[in-house]
Amino acid sequence: MQVTTSYMKMISSYVMQDDQLFPMLTVHETFMFAAEVRLPPSISRAEKKKRVHELLEQLGLTSATHTYIGDEGRRGVSGGERRRVSIGIDIIHKPSLLFLDEPTSGLDSTSAHSVVEKVKDIAKSGSIVLMTIHQPSFRIQMLLDRITVLARGRLVYLGSPTGVAAFLAGFARPVPDGENSLEYLLDVIKEYDESTVGLDPLVLYQRDGIKPDQAAKTPLRKPPKTPRAPRTPYAKSPWTKHISLRSSHFSVGNMNSQRDPKDQSESNSGIHPRLASHFYKDFSVWLYNGVKGTPLRPPTWNHGGRTQISGAKSSMSSGHPFPMSQQTPSRVKTPVVSAIFTPVREGIEYSSYNPSYEEVFEIEEVLDEPVHRHKFANPWLREVIVLCWRTTLNVIRTPELFLSREIVLTVMGLVLSSFFRRLNHFDFTTINHLLNFYIFTICLVFFSSNDAVPTFIQERFIFIRETSHNAYRSSSYVISSLIVYLPFFAIQAFTFAAITQYILRINSSILSFWIILYSSLITSNAYVMLVSALVPSYITGYAIVISTTALFFLTCGFFLKRTQIPLVWRWLHYISAIKYPFEALLINEFKGTKNCYNGDLADLSPGPLGDVKISQLHKDSIDLSQNCTLIGEDVLFSMDISKENIWLDIAILLAWGVLYRLFFYVVLRFYSKNERK
């Protein structure tokens, strides 16, 4: 039976080990957002609020309803409450299957017990819960239905926590009086792991029921390694030959010779030993039946005989049974004994040690999401609205996201104005000052956008967690982040344009000046977001953004004009995002014959203008006075700017912004996955 990824996303949720939450949202707002994106629009807002309040009560978070989540720099909920919030946002839609990655890590014993208690309540409400946990306390152990103990990735125990003592007794290592059985099992595992025989005796006993021989019962500690000693970890282990999970020689007869007489009687009665692989191969079976509740073909545990079953119900951290309905036995290909029965060995009844069962049969059905079911709970537009609401709350409650750039642009606008003074004169010195002012303005806008580098990096794991189970589309996230920041970009651009235009008395249009700066902020932010999605850390992001922006600065046409750039690198001139706003500002200032500049040519050298060229418009104009040495068009011609329409540069600049946003979406859609590297 195959379980597709889309089906798993539909019926399951995964709670990460780290609590990835927005610190400036309250607990109630966090749950409400989860309800808005996880629940379909057919459920009314009142019903969603009701479910949120029920979840707050279920997780014991009523007292922290209106408390901010908080982080290292802001006081918020406690560690245990934060962990319960992480669990709550993933069960708001009541998934059938819930995975938790070490939910008690970093918590004190009381908080850890409280978290597991709430997880137990979730399992009782009808969800199948699987979680990883390190060295749980005795109180936590007693809350678990079944446990799986792994050592170096190998299965050592699978069953009820109360069956650990019986398991160790059967292994000839009874638990001492007053000792915690699970902690003692961990000590035994460590002892064997550090011994010459390794973990093989434990793995083999768990898998096949083969008891250790006398040498394996008293494992010897590994001798200290010497630099020249060859590494042969299991070469001399008598248990190595048994490690194959499913050998072609595996049979009841072959195993009888290695077992005790009482064990042989079990095999002769038709009960087959269970394998460690049963749990993994049965996963899709019990998932299918636990989630969908559909009938299952009858298990055929014996050959012609009938085995007495003492446990008709087995669960994995939940109350879900494994249904056993009638089915035609002709579908069964190779019947293998499962482990829902209660074997008796050496007078010890494993009543609580009920392993899973396996049926090896042919199943043509593939578990996939129904055709009529939508992949996402909400339509695209509603996702955008909800995401805009959350992002706006974060920006308003985190003013440094907006004020930092606003303050930088305000202060630098005042500083630049004090440097250049008035730029409304028509002399050659003013030409140089205008060129320097405009190039610095564009570079300031682009470099000030670097503060957006950590923005997505901080949100990336939240985005991955939310989209890993189809909470919303990647495109919704991309569009909503743009929509929310557009008004802030407009305010920031207008602030700088108004300050410099008023103090410097620039002759160009302030509206065009503002639109150019506004477009530059949109494009630079899109580029920074793209880089942030590609890099693993904000340090790398800063390095890439600064270096590429410097390269754009070099090839924009200010230091090196297009004809001065080597042919092999000339393509950089056209992909430079600084080129287009810089050209647009110069066209806005110097286009036409309205401005006539005079002065000493020595004032233009040294300077960015270089060799002064007289434009064709200047040559053809007959209405210019004889004292007009240069016109604005001559400045553009000398800077190798041939465009006559300012809106063409703005359109190309915005097109680069759209392209960056498109690449950003592609990276989010196909590159950002919930996988450990």
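Position 1 is the first residue of the sequence; numbering continues from there.
The side-chain heavy atoms of Phe489 and Arg405, taken from C-beta on, include a pair separated by under 4.5 Å. Considering only heavy atoms from C-beta on, Ile439 stays 4.5 Å or farther from Leu585 through its side chain. Residues Asn525 and Met529 have side chains in contact (heavy-atom distance under 4.5 Å, counting atoms from C-beta outward). In this structure, the side chains of His433 and Phe419 stay at 4.5 Å or more apart for every pair of heavy atoms. When side chains are defined from C-beta on, Thr500 counts as touching Phe513, because their heavy atoms get closer than 4.5 Å. Contact of the Ser13 side chain with the Ile91 side chain is not registered, since no non-hydrogen atoms from C-beta on lie closer than 4.5 Å. Between Phe31 and Ile89, the closest side-chain pair of non-hydrogen atoms falls below 4.5 Å. Residues Phe496 and Thr410 form no side-chain contact, since every pair of their non-hydrogen atoms from C-beta on lies 4.5 Å or further apart.
Atom CZ of Phe376 is surrounded by more than 12 heavy atoms from other residues, nucleotides or ligands within 6.0 Å. Enclosure of atom OH in Tyr538 is not indicated, since only 12 or fewer non-hydrogen atoms of other residues, nucleotides or ligands lie within 6.0 angstrom. Other residues, nucleotides and ligands contribute over 12 non-hydrogen atoms within 6.0 Å of the CZ atom of Phe402. Other residues, nucleotides and ligands contribute over 12 non-hydrogen atoms within 6.0 Å of the OH atom of Tyr542.
Within the 6.0 Å centre-distance limit, the rings of Phe456 and Phe664 are counted as a close aromatic pair. For Tyr660 and Tyr527, the distance between ring centers is under 6.0 angstrom.
The side-chain contact (heavy atoms from CB on, under 4.5 Å) search around Ala471 returns Val37, Arg38, Glu466, not counting sequence neighbours. By the ring-ring contact (aromatic ring centres under 6.0 Å, His included) test, Phe553 pairs with Phe559, sequence neighbours left out.
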Problem - side-chain contact (heavy atoms from CB on, under 4.5 Å) between Glu406 and Phe488, intermediate numbers included - result: CA-CA 9 Å; Glu406 179 72 13; Phe488 298 103; over 6 Å; no
Exercise for the section: Carefully, step by step, assess Ser404 and Val408 under the rule side-chain contact (heavy atoms from CB on, under 4.5 Å). Expected result: CA-CA 6 Å; Ser404 59; Val408 167; 5.7 Å; no
Problem - side-chain hydrogen bond (donor to acceptor under 3.5 Å, both in side chains) between Asp427 and Thr430, intermediate numbers included - result: CA-CA 5 Å; Asp427 53 34; Thr430 303; 2.5 Å; yes
Handout entry: Worked verdict on Ile479 versus Leu387 for side-chain contact (heavy atoms from CB on, under 4.5 Å)
Key = CA-CA 9 Å; Ile479 297 299; Leu387 287 169; over 6 Å; no
Practice task
Apply side-chain contact (heavy atoms from CB on, under 4.5 Å) to the pair Ile650 and Ile515, showing each step before the final yes or no.
Solution key: CA-CA 8 Å; Ile650 294 177; Ile515 292 176; 3.9 Å; yes
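Between the side chain of Asp634 and the main chain of Ile631, a donor-acceptor pair closer than 3.5 Å is present. Between the side chain of Arg382 and the backbone N or O of Pro40, no donor-acceptor pair lies under 3.5 Å. Looking only at distances, a side-chain donor or acceptor of Asn645 sits under 3.5 Å from a matching main-chain atom of Trp647. Here the side chain of Arg465 pairs a donor or acceptor atom with the backbone of Gln20 at under 3.5 angstrom. Side-chain N or O atoms of Trp514 include none that pairs as donor or acceptor with a backbone N or O of Ala498 at under 3.5 Å. Panel note: side chain Arg83, backbone Pro103; a donor-acceptor pair is recorded below 3.5 Å. Side chain of His573 to main chain of Thr555: a donor-acceptor pair is present (N/O by atom type, distance under 3.5 Å, no hydrogens or angles). Side chain of Asp90 to backbone of Leu98: no donor-acceptor contact under 3.5 angstrom is found. At least one donor-acceptor pair closer than 3.5 Å links the side chain of Gln501 to the backbone N or O of Ile506. Put simply, the side chain of Glu81 never gets that close to the backbone of Ala64: no donor and acceptor are under 3.5 Å apart.
How far CZ of Phe494 is from CG of Leu511: 10.0 Å, rounded to the nearest 0.5 Å. Interatomic distance, SG of Cys556 versus NZ of Lys561, reported as 11.0 Å (0.5 Å rounding). We find the CE-CZ distance between Met32 and Arg51 to be 11.5 Å, quoted to the nearest 0.5 Å. Between the CD1 atom in Ile385 and the CD1 atom in Ile483 there is a gap of 9.0 Å [rounded to 0.5 Å]. Atom-to-atom distance recorded for Tyr14:OH and Met8:CE is 12.5 Å, nearest 0.5 angstrom. Remark: Asp640 CG to Leu560 CG distance equals 11.5 Å, nearest 0.5 Å.
Between His66 and His28, the two ring planes are tilted [angle within 30° to 60°]. Aromatic ring orientation, Phe463 versus Tyr477: tilted (interplanar angle from 30° to 60°).
Nearest heavy-atom pair, Gly76 versus Thr67, reported as atom, atom and distance to 0.1 Å: C-CG2, 4.1 Å. Counting all heavy atoms, side chain and backbone alike, Arg661 lies closest to Val478 at NH1-O, 3.7 Å. Across Ile575 and Trp656, no two heavy atoms sit closer than the pair CA-CZ2, 3.7 Å. Looking at every heavy atom in both residues, Leu39 comes nearest to Asn378 through O-ND2, 3.1 Å. Smallest separation of non-hydrogen atoms from Pro536 and Arg460: O-NH2, 3.3 Å. Closest approach of Phe558 to Leu435, counting heavy atoms only: CE1-O, 3.7 Å.
Ion pairing between a basic and an acidic side chain is recognised when a charged N comes within 4.0 Å of a carboxylate O; Glu400 and Arg74 show such pairing.
There is no side-chain donor-acceptor pair under 3.5 Å between Ser519 and Tyr580.
Figure legend: Arg505 and Tyr502 shown as a cation-pi pair, the cationic atom lying under 6.0 angstrom from the six-membered ring centre and within 45 degrees of its axis.
The side-chain contact (heavy atoms from CB on, under 4.5 Å) test with Leu653 is passed by exactly one of Leu648, Thr523, Ile522: Thr523.
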